[in-house]
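Each remark here refers to the structure printed beneath this line.
None of the values given here were measured: they were computed from a predicted structure.
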Amino acid sequence: MKGNIRSMMVHVPLVAGMLVAAPLAMASDYPTKPVTVVVPFPAGGSTDLMARAASREMTDFLGENVVVDNRGGGAGTVGMASLARSRADGYTIGIVPAAPLVNQPHMRETPYNLDSFEYVCQLFFSPQALAVKPDSPFENLDQLVSYARENPGELTYGTPGPGTLPHLAMEQFLRLADIEIEHLPFTGDGPGATALMGGHIDLYMTMPTVINDRDFTSLAVFSDERVDSMQGVETAIAQGYDLTAAWWGGIVAPKGTPAAITEQLSESCRYTADQERFQETLDRLGTLVQYLGPDDFRDLVRSEFEINGPILKSVFKDN
């Protein structure tokens, strides 16, 4: 009996060691098949363009294809819910803007929360800008504001969805300018930009990415300084409207994704941010590369979540 007990005492730690080593071995082999990147907006929008540029670099780093999967709807919440439900093995991740994380849970009951994800990295940052439809009579914000005051509710503006960062920014601008313009939300920048191109809406709040890609005219960029990629476009501040607004985001994974895999994905993110090809692509789109590691990115998301809650309640209290 004593011999059997001694044998059990010897083998238990060995088995425990094997259990600990197993996920580490899996992580060291990662990836062994393509990685799916969920983008919670339709193809053709700013997040989609960003994700496709990033996936190209991540493919080079990881040695397996990184494939974009667009899952639009619900101002980003449909794709985020799908990502939260995905298997936490590193083979389904998301490249996402901040709004579905920091805005939407304040506006509706979402099937996810901030604790539903592992935070891999922040990757991009971009000021927002206000575009006009082709043949628009407006050349600056003052002309727009004057017309809107004389014709309240006649004009329409679009965003990639209710509660997105562009929607929040536009509502803040309307309050600052004391004007009324009807909001027509879309499922993403792709459909919204198409509607603007066709003249179905008068204005569209978005990123330089979308404006430059479609050669739209912009009335203002909501940044502290002019944006190099938007030649001749004044800031809202320079036009007398003291407001800045930005669009930013990065990579998240389902909660429970092994730490070793999250770290490897973060390294691929840092590699992506350092690549000249990626930097040039984002520069052409009017977007900045802005890398933050897992801890800093998580802290930023949580901080913005707390800040945006009261702002959203103020903006939408009458809705």
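- Using a 4.5 Å heavy-atom cutoff, the side chains of R298 and D295 are in contact.
- Within 6.0 Å of atom CG in D115, more than 12 heavy atoms from other residues, nucleotides or ligands are found, so the atom counts as buried in its surroundings.
- A salt bridge links D48 with R52: the closest approach of a Lys/Arg side-chain nitrogen to an acidic carboxylate oxygen falls below 4.0 angstrom.
- Heavy-atom minimum distance, I237 versus S223: CD1-O, 3.9 Å.
- Here the side chains of N113 and F305 are not in contact, with every heavy-atom distance at 4.5 Å or above.
- Note on L168: it does not cluster hydrophobically with L176, by side-chain heavy-atom contacts below 4.5 Å among ILVMFWY residues.
- Using modelled atom types, one side-chain atom of R149 and one backbone atom of A177 make a donor-acceptor pair closer than 3.5 Å.
- In terms of heavy atoms, F216 sits closest to A131 at CB-CB, 4.1 Å.
- Taking 4.5 Å as the limit, some side-chain heavy atom of D189 sits within range of a side-chain heavy atom of Y204.
- When atom types are taken as modelled, the side chain of D69 and the backbone of V38 share no donor-acceptor pair closer than 3.5 angstrom.
- Cluster annotation: L49 is not connected to M197 through the hydrophobic network of ILVMFWY side chains, with a link wherever side-chain heavy atoms come within less than 4.5 Å.
- Ring pair H183/H167 is parallel by interplanar angle, where below 30° counts as parallel and above 60° as perpendicular.
- Of all heavy-atom pairs between R108 and A75, the closest is NH2-CB, 4.3 Å.
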Taking it one step at a time, do E118 and I261 satisfy side-chain contact (heavy atoms from CB on, under 4.5 Å)?
-> CA-CA 11 Å; E118 303 291 348; I261 290 179; over 6 Å; no

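- Proximity of a side-chain donor or acceptor of Q104 to a complementary backbone N or O of P162 within less than 3.5 Å is detected.
- With rounding to the nearest 0.5 Å, the separation of OG in S126 from CG in L282 is 8.5 Å.
- I211 and V132 are not part of a single hydrophobic cluster, where members link through side-chain heavy atoms under 4.5 Å apart.
- Between P254 and L83 the shortest side-chain heavy-atom distance falls below 4.5 Å.
- Put simply, the side chain of Y30 gets close to the backbone of G90: a donor and an acceptor are under 3.5 Å apart.
- Proximity of L243 to Q172: side-chain heavy atoms (C-beta onward) are separated by under 4.5 Å at one or more points.
- Nearest approach of P166 to M207, heavy atoms of both residues: CG-CE, 4.4 Å.
- Pairing each heavy atom of F173 with each of L141, the nearest pair is CZ-CD2, 4.0 Å.
- Atom OG1 of T59 is separated from atom CG of N65 by 5.5 Å, given to the nearest 0.5 angstrom.
- The backbone N or O of V78 lies less than 3.5 Å from no partner atom in the side chain of S82, so there is not a single donor-acceptor pair.
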Could you go step by step and tell me if I181 and L203 meet the side-chain contact (heavy atoms from CB on, under 4.5 Å) rule?
-> CA-CA 9 Å; I181 300 179; L203 308 157; 3.8 Å; yes

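- By the 4.5 Å heavy-atom criterion applied to side chains, F186 and T194 are not counted as neighbours.
- Here the closest heavy-atom approach between residue G79 and residue P40 is recorded as CA-CB, 4.0 Å.
- Side-chain atoms of T272 come within 3.5 Å of backbone atoms of S268 as a donor-acceptor pair (strictly under, hydrogens ignored).
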Could you please spell out the steps behind the side-chain contact (heavy atoms from CB on, under 4.5 Å) verdict for L292 and W248?
-> CA-CA 11 Å; L292 289 178; W248 54 275; over 6 Å; no

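- Put simply, the residue from T47, T164, T206 that forms a side-chain contact (heavy atoms from CB on, under 4.5 Å) with W247 is T47.
- Here the side chain of E182 pairs no donor or acceptor atom with the backbone of L155 at under 3.5 angstrom.
- Rounding to the nearest 0.5 Å gives a distance of 11.5 Å between CE of M230 and CG of D228.
- Side-chain contact check for Q122 versus D296: every heavy-atom pair is 4.5 Å or farther apart.
- For the pair R226 and V221, the minimum side-chain heavy-atom distance is 4.5 Å or more.
- Environment of CD in E139: sparse, with no more than 12 heavy atoms of neighbouring residues, nucleotides or ligands closer than 6.0 Å.
- Around CD of E225, the count of heavy atoms belonging to other residues, nucleotides or ligands within 6.0 Å does not exceed 12.
- Using a 4.0 Å cut-off between charged nitrogen and carboxylate oxygen, D299 and R302 do not count as a salt-bridge pair.
- Connection of V67 to M58 is not established within any shared hydrophobic cluster, with ILVMFWY side chains joined at heavy-atom distances below 4.5 Å, either directly or through further cluster members.
- Hydrophobic clustering (ILVMFWY, side-chain heavy atoms < 4.5 Å, transitive): F41 and F125 are in distinct clusters.
- Within a 6.0 Å radius of CZ in R214, more than 12 heavy atoms belonging to other residues, nucleotides or ligands are found.
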Test Q239 against D142 for side-chain contact (heavy atoms from CB on, under 4.5 Å), laying out the working first.
-> CA-CA 8 Å; Q239 297 182 60; D142 278 343; 5.8 Å; no

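- Two rings, from Y241 and F222, have their centers 6.0 Å or more apart.
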